[in-house]
Amino acid sequence: MPALLVSGAQWGDEGKGRATDLLGSKVDYVVKFNGGNNAGHTVVVGNEKYALHLLPSGILTPGVVPVISNGVVIDLGVLKQELDGLSSRGVDVSKLKVSANAHVITAYHRTLDKVTERFLGKRQIGTTGRGIGPAYADKINRVGVRIQDIFDESILRQKVEAALEFKNQVLVKIYNRRAIDPEEVIADLLSYREMLEPMVCDTSLLLHEALADGKTVLYEAGQATMLDIDHGTYPFVTSSNATSGGAITGSGIAPQHLTRIISVIKAYTTRVGAGPFPTELFDANGEHLAKVGHEYGTTTGRPRRCGWYDAPIARYAARVNGVTDFVLTKLDVLSGLPKIPVCVAYEINGVRHDEMPVNQSDFHHAKPIYEEFDGWTEDISGARTFEELPQNAQRYILALEQMSGARISAIGVGPEREQVVVRHPLTDEV
C-alpha cells in the first residue's frame with residue numbers, strides 16, 4: 001500500500017498541518033521524520049484550535065497511529081508538555097510511537113544554541129534557540145544522546161559527561177557562561193524514562209510491517225523545501241532534510257513506497273527569520289497579507305515576512321521533491337486586492353533567470369519579474385467546488401498551476417477544517 005508525503009514548498013508556515021489533517025481520516029499512520037520543536041502546525045477542529053510543535057498532526061485524528069521517527073530531535077520536556085496539554089483537552093495520545101534511534105535535545109544544546117546565536121551579532125541565522133542545530137551537530141559528530149540511551153544509565157552517563165567535558169570549556173572560556181552540571185542533565189533525562197517506556201520501539205520495522213499489511217502511511221515534513229539543509233537558502237536554513245528524500249533516511253522506509261508527494265504552498269509567500277526573500281513586500285500590500293493572513297509563527301510568535309507568490313520557487317520545490325500535487329492555502333487572504341502580482345522569473349545583474357540561480361549570492365540579489373493578475377472582491381470562504389470560485393480566482397489558480405510544475409489539487413479558502421476546495425483526490429494512486 002502507498003506511503004504519502006506532505007512537505008512545504010516555501011520557507012515553512014504554508015499550512016502543512018492543515019493538509020495532513022485533511023488526509024488524516026484516510027490514513028493509518030502519520031509520521032514526523034525530521035526537525036524538532038522549532039516549527040509548529042496550527043490545526044483548527046471545529047471551534048478548537050491546536051498548536052502542535054513536536055507531535056505529528058495526525059495525533060488529532062482518532063484511529064491514526066502517530067509516529068516520531070529516527071530523523072527527529074526530541075526535547076522531552078516539550079513532548080511531555082504537548083502530550084499533557086492534549087490529554088487535558090480529551091485527545092487520546094496513547095497510540096504515539098517514538099523511535100529508539102531518535103536523538104535527544106538536552107539542556108546544553110539549548111544553552112549553546114542561544115549563546116552562539118547572540119555571539120554571531122549581525123550574522124545571526126535566525127535560529128529559534130531551541131537546541132535543534134546543536135543536537136543535530138552532535139548527531140553528525142557521533143556524540144549525541146539517543147532515546148534508547150535513557151534506558152541504560154551507564155551509557156547515558158558516559159555520553160553526557162563526555163559531551164560536557166568539552167562543551168563546558170566552550171561555555172566558560174569563550175562565552176563566559178557558567179558550566180552545566182552533568183548530574184542535573186542526567187537526572188532530567190532519566191525522569192522521562194517512565195513516560196517513554198510504552199512509546200519507544202523500532203519505528204522503521206513498525207512502518208515496514210504496516211505497509212506490508214496494507215496500511216496507508218502519511219509522512220509529514222517539518223519546516224520546508226527552502227529551509228532544507230542541502231537544498232534550501234543555506235546558511236539560512238534548518239538543520240535537517242525537510243524534502244522528500246529526508247522521509248527515506250528519517251524513517252527507514254524504502255523509496256518505492258512513496259507513491260504520492262504532496263507539497264503545500266501558500267497563495268503568496270512568507271518567511272520567518274533572516275535570509276534572502278526576492279518577493280518580500282514593505283508596503284501596504286505586505287501589511288494586508290500579514291494582518292489578514294495572521295502571519296505570526298505558531299512556535300515562536302515572530303511576525304512573518306510577507307511577499308507575493310514566487311513561481312520559480314514553486315518549480316524548484318516540485319523538482320527537488322518530485323511533487324505530484326500542490327495544496328494551495330490561504331487563497332482567501334488575497335480577496336479584496338485589485339491586482340495580484342506573481343513572480344515569474346528573476347532579474348540578476350541585467351540577466352533574466354527563469355529558474356533558481358545556482359549560487360546564494362545571485363539569489364540574494366535577485367529582483368522579481370512580475371506578471372499581474374486581476375483580483376476579486378467576492379467572499380470565497382463558502383466555496384466548495386472550483387466552479388464556485390470567482391472567475392478571477394479561477395484564472396489565478398490555473399495560471400499558478402501552469403507555472404509551478406505540478407497540478408493544484410486542493411485549495412484552502414478559510415481557516416476551518418471544511419473550508420477546502422478539492423479538485424483532485426489526494427489519496428488516489430498516482
Verify, without hydrogens or angle tests, whether [X] (side chain) and [Y] (backbone) share a donor-acceptor contact under 3.5 angstrom.
X	Y	result
N70	T249	yes
E401	I408	yes
D325	L426	no
E388	T385	yes
T329	E14	yes
N321	A317	yes
D113	H109	no
Q394	N392	no
Y296	A290	no
S99	S69	no

Return the [atom1] to [atom2] distance between [X] and [Y], rounded to the nearest 0.5 Å.
X	Y	atom1	atom2	result
K32	I74	NZ	CD1	9.5 Å
K330	S335	NZ	OG	13.5 Å
R395	L400	CZ	CG	14.0 Å
S7	N241	OG	CG	12.5 Å
T61	K95	OG1	NZ	11.5 Å
E280	T269	CD	OG1	10.5 Å

Check this for me: does any side-chain nitrogen of one of [X] and [Y] sit under 4.0 Å from a carboxylate oxygen of the other?
X	Y	value
D138	R146	no
R110	D75	yes
E295	R271	no
K339	D374	yes
D13	R304	yes
D354	R352	yes

Taking every non-hydrogen atom, the tightest pair across [X] and [Y]:
X	Y	answer
Y346	P368	CD2-CA, 4.4 Å
A383	L389	CB-CD2, 3.7 Å
I313	A9	CG2-O, 3.6 Å
A224	A242	O-CB, 3.5 Å
N34	S240	ND2-OG, 3.1 Å
Y29	A210	CE1-CB, 3.5 Å

Partner of T259 by side-chain contact (heavy atoms from CB on, under 4.5 Å), out of L4, T324, L5: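 Per the side-chain contact (heavy atoms from CB on, under 4.5 Å) rule, the option paired with T259 is L4, out of L4, T324, L5.
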Option among L211, L258, V30 that satisfies the side-chain contact (heavy atoms from CB on, under 4.5 Å) test with V217: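 Answer to the side-chain contact (heavy atoms from CB on, under 4.5 Å) test with V217 among L211, L258, V30: L211.
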Test side-chain contact (heavy atoms from CB on, under 4.5 Å) applied to T238 and I229, step by step: CA-CA 6 Å; T238 192; I229 186 67; 5.7 Å; no
Taking side chain as C-beta onward, heavy atoms only, is [X] less than 4.5 Å from [Y]?
X	Y	answer
I262	F326	no
I132	N37	yes
W308	N285	yes
L328	Y309	yes
L55	L96	yes
I380	V421	no
V185	Y108	yes
R130	H53	no

Pair S381, D332: side-chain N/O donor-acceptor within cut-off below 3.5 Å: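 Distance-only check fails for S381 and D332.
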Evaluation steps, side-chain hydrogen bond (donor to acceptor under 3.5 Å, both in side chains), between Q10 and T225: CA-CA 6 Å; Q10 297 158 319; T225 298; over 6 Å; no
Derivation of the side-chain contact (heavy atoms from CB on, under 4.5 Å) call for C306 and L281: CA-CA 6 Å; C306 296; L281 296 168; 5.7 Å; no
[X], [atom1]: over 12 other non-hydrogen atoms inside 6.0 angstrom:
X	atom1	value
H288	NE2	yes
Q402	CD	no
Q81	CD	no
D283	CG	yes

Aromatic plane relationship, F277 with W11 - under 30° parallel, 30 to 60° tilted, over 60° perpendicular: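 Tilted: the ring planes of W11 and F277 meet at 30° to 60°.
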Geometric class of the H208/H257 ring pair [parallel <30°, tilted 30-60°, perpendicular >60°]: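 Answer is perpendicular, since the angle exceeds 60°.
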Derivation and outcome, side-chain contact (heavy atoms from CB on, under 4.5 Å), residues I180 and K167: CA-CA 9 Å; I180 294 174; K167 295 182 195 301; over 6 Å; no
Full working for side-chain hydrogen bond (donor to acceptor under 3.5 Å, both in side chains) between S361 and N359: CA-CA 6 Å; S361 179; N359 63 64; 4.6 Å; no
Of all pairs that satisfy salt bridge (charged side-chain N to carboxylate O under 4.0 Å, His left out), the ones with a partner from residues 356-370, not counting sequence neighbours: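 Counting only pairs at least two positions apart or across chains, no salt bridge (charged side-chain N to carboxylate O under 4.0 Å, His left out) contact touches residues 356-370.
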Cation-pi check, R423 onto F386 ring (under 6.0 Å, within 45° of axis):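 The answer is yes; both the distance and angle limits are met.
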Stacked cation flag R89 on Y50, 6.0 angstrom / 45 deg: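 Because its charged atom sits under 6.0 Å from the ring centre and within 45° of the axis, R89 does stack over Y50.
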Under the salt bridge (charged side-chain N to carboxylate O under 4.0 Å, His left out) test, residues paired with D310 that sit two or more places apart: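 D310 satisfies salt bridge (charged side-chain N to carboxylate O under 4.0 Å, His left out) with no residue once adjacent residues are dropped.
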Stepwise side-chain contact (heavy atoms from CB on, under 4.5 Å) test for D228 and V237: CA-CA 6 Å; D228 185 278; V237 292; over 6 Å; no
